[in-house]
Amino acid sequence: MTDTALTDFYALEDLLTPEEVEIRDRVRNWCAKEVTPRINDYWEAAAFPFELVPGFAELGIAGGTIQGYGSPGMSCVAAGLVAAELARADGSIGTFNGVHSFLAMQSIALLGSEEQRERFLPPMARMEQIGAFGLTEPQHGSDAVALETSARRDGDAFVLDGQKKWIGNGTIADHVIVWARGEDGQVGGYVVEKGTPGFTARVMTGKTALRAVWQAEITLEGARVPVENRLENCRSFKDVSTILDRTRYTVAWRALGLATAAYELALEHSLHREQFGQPIAGYQLVQEKLARMLAEITTMQLMCWRLSTLADAGRMTAAMASLAKRHCCATARQIVADARDLFGGDGILLEHHIARHHADIEAIYTFEGTDHVQALIVGREITGLSAISGRRR
Ligand SMILES: Cc1cc2nc3c(=O)[nH]c(=O)nc-3n(C[C@H](O)[C@H](O)[C@H](O)COP(=O)(O)OP(=O)(O)OC[C@H]3O[C@@H](n4cnc5c(N)ncnc54)[C@H](O)[C@@H]3O)c2cc1C
């Protein structure tokens, strides 16, 4: 059996176009050469691997599904495969791309005016400029809909005041999309450019997951944002939700990528680690774990592929994306834990890679909507009753 067949048990590759296979392999090869050999050192030092950014830019994947403005305009299936490959190498790199290409660039592509798209997107597609997405606040995570950051019109600018927390790329970004409540009570998106007086960002320290990508705590104190930087087509929080839905399916693929890496590492280790005179892969209990992992990975592959084809056809709903995010993150979490177990003590040593994946899946399980929140979105869809805030929709 080939290496690919070990994790593509149902020959999903047959369902992919040649372009999708090409882009997947382009990312896979770059990750194997550039990311895997050096990422543990960055993770341990909690350092962002700036040296990888030029090579990442050359992959030509920034902006993912965005058509034009220098972005590749790939299919949602291709975007999913790319997300899985990056995460299979490293969750931090996958998160960096998720924030830049999906949360930040898509906000501009979907909610910006033509002038804003032309101004911001091309340098972001070339990765000469990096994006961030500032939604979560210290007091508002799952209930980000209640965000308190304010935007007040003053002449030719909006004045922003408030705080943000957990903002990926927030300290290094050239453009941070800050979501703030306007004087009409509606949430709008404001592109805050690097160096804006009144904007300060501090790297969050002491993280036990995704240590090779930085999140920021941001303070906005009278930060003046030119009127032309307010995303012109953002009318309310519903528009922000649309961006989250369109990123969420890639998070499901990212969980699949991490689970795949964990399974591959566990299989390899089990075949080589001998105890009681034979490889541990020869024991029934170990084979049961490996078989269960493969079954779960296969179901995730089919779910993610189908969800992306629905997204490509314009048929993906918010609840469909939530179902996949929830299922894949919860399943991956179990697979990575089982894989770590099969490494014994080596499973907590960074050099074997599994320890990093084991830590990283915890953050992916939580961000872009927790397990509970995804369940509540699906629950609202199937019952017609919203249990999110205890109120009916
Ligand atoms: C590594 C990382 C990167 C991130 N990157 C970004 C980013 O780039 N930009 C950004 O804006 N945000 C980002 N976030 C924030 C992320 O989206 C939030 O952490 C997430 O939405 C959860 O919010 P919270 O941490 O405040 O948890 P809380 O909302 O406080 O949740 C705590 C617990 O309460 C539960 N809970 C909450 N409400 C309900 C309810 N109604 N019913 C049942 N249970 C409920 C949750 O499920 C969870 O179990 C990031 C977070 C992390 C960890």
Side-chain angles (χ1 to χ4, degrees), residues 43 46 48 87 90-107 130-149 162-173 175-181 187 189-192 201-218 220 237 240-241 243-248 250-251 254-255 258 321-322 325-326 329-330 333 356-357 359-380 383 385-393:
W43 197 96
F48 177 71
D90 179 55
S92 297
I93 296 291
T95 298
F96 168 71
N97 183 55
V99 171
H100 175 70
S101 287
F102 285 85
L103 290 174
M105 289 184 74
Q106 291 230 48
S107 295
I130 299 300
F133 179 94
L135 176 63
T136 304
E137 300 184 348
Q139 303 307 324
H140 299 290
S142 298
D143 72 344
V145 66
L147 63 83
E148 294 177 50
T149 297
Q163 284 181 300
K164 297 288 175 184
K165 186 176 177 186
W166 289 117
I167 310 311
N169 305 342
T171 51
I172 62 171
H175 308 303
V176 181
I177 321 280
V178 170
W179 303 98
R181 198 170 298 285
V187 171
Y190 301 82
V191 184
V192 182
R202 185 187 73 80
V203 174
M204 296 177 69
T205 54
K207 279 193 306 162
T208 59
L210 300 179
R211 286 172 57 82
V213 64
W214 291 335
Q215 282 79 33
E217 276 177 338
I218 289 175
L220 297 140
F237 191 81
V240 188
S241 299
I243 306 297
L244 295 173
D245 298 341
R246 292 186 63 89
T247 304
R248 210 161 260 162
T250 68
V251 183
R254 271 191 255 165
L258 247 83
S322 287
K325 198 276 180 181
R326 177 173 196 264
C329 287
R333 196 183 189 207
R356 179 166 44 84
H357 297 311
D360 288 349
I361 191 64
E362 287 303 306
I364 296 170
Y365 181 70
T366 289
F367 66 41
E368 299 206 27
T370 65
D371 185 77
H372 289 172
V373 167
Q374 309 304 341
L376 293 170
I377 292 170
V378 175
R380 182 178 59 191
T383 66
L385 303 170
S386 174
I388 294 177
S389 65
R391 286 192 301 270
R392 301 226 170 156
R393 68 175 163 193

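Numbering of ligands and ligand atoms starts at 1, following listing order. If you're wondering where the values come from, they're calculated on a predicted model, not measured in any experiment.
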Task: 4.5 Å side-chain heavy-atom contact, I167 and V178 - done: no
Open item on the list: Taking the side chain as everything from C-beta on, heavy atoms only, tell me whether L135 gets closer than 4.5 Å to F237.
Closed with: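 Yes, their side chains come closer than 4.5 Å.
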TODO: For ligand 1, indicate whether the residue E368 contacts it via side chain, backbone, both or neither (heavy-atom separation under 4.0 Å).
DONE: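 Backbone only; the side chain of E368 stays clear of ligand 1.
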TODO: Give the contacting part of L376 toward ligand 1: side chain, backbone, both or neither, where contact means a heavy-atom distance below 4.0 Å.
DONE: side chain
Open item on the list: I'd like to know if the side chain of W43 pairs up with that of D360 as donor and acceptor (distance under 3.5 Å, no hydrogens or angles considered).
Closed with: yes
TODO: Check each atom of ligand 1 against the heavy atoms of G168 and keep those under 4.0 Å away; list them by number with element.
DONE: 7 (C), 8 (O)
TODO: Report, in ascending order of atom number, the atoms of ligand 1 lying under 4.0 Å from any heavy atom of G141.
DONE: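 In order of number, 23 (O), 24 (P), 26 (O), 29 (O).
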So is [X] polar-close to ligand 1, meaning N/O to N/O under 3.5 Å?
X	value
L135	yes
T366	no
L210	no
A387	no

- [ ] Could you pull out, from T136, V213, L103, T370, the option with a heavy atom nearest to atom 47 (O) of ligand 1?
- [x]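 Answer by nearest heavy atom: T370.
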Indicate whether [atom] is within a distance of less than 4.0 angstrom of some protein heavy atom.
atom	result
atom 30 (O) of ligand 1	no
atom 50 (C) of ligand 1	yes
atom 33 (C) of ligand 1	no
atom 26 (O) of ligand 1	yes

Which residue owns the protein heavy atom closest to [atom], what's the atom, and how far is it?
atom	value
atom 2 (C) of ligand 1	F367 CD2, 3.5 Å
atom 13 (C) of ligand 1	W166 O, 3.1 Å
atom 37 (C) of ligand 1	S142 OG, 3.5 Å
atom 44 (N) of ligand 1	H372 ND1, 3.0 Å

- [ ] Tell me, with the steps shown, if F133 and W179 meet ring-ring contact (aromatic ring centres under 6.0 Å, His included).
- [x] CA-CA 8 Å; F133 179 94; W179 303 98; 5.5 Å; yes
Task: Pairs involving residues 130-148, ordered by first then second residue, that meet salt bridge (Lys or Arg N to Asp or Glu O under 4.0 Å) (sequence neighbours left out) - done: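 Found E137-K164.
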Task: Main-chain N/O of G369 paired with Q374 side-chain donor or acceptor, under 3.5 Å - done: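 Yes.
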- [ ] Run through F48, W214, F102 and flag the one making a ring pair (Phe, Tyr, Trp, His ring centres under 6.0 Å) with F96.
- [x] F48
Task: Nearest heavy-atom neighbours spanning G131 and N169 - done: O-ND2, 3.2 Å
Task: For R333, all residues meeting salt bridge (Lys or Arg N to Asp or Glu O under 4.0 Å), sequence neighbours excluded - done: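 Listed in chain order: E362.
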Task: Gap separating the CG atom of L385 from the CZ atom of R380, nearest 0.5 angstrom - done: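 These two atoms lie 11.0 Å from each other.
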Open item on the list: Salt bridge check, E368 against R248: does any charged N sit closer than 4.0 Å to a carboxylate O?
Closed with: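 Answer for the salt bridge query: no.
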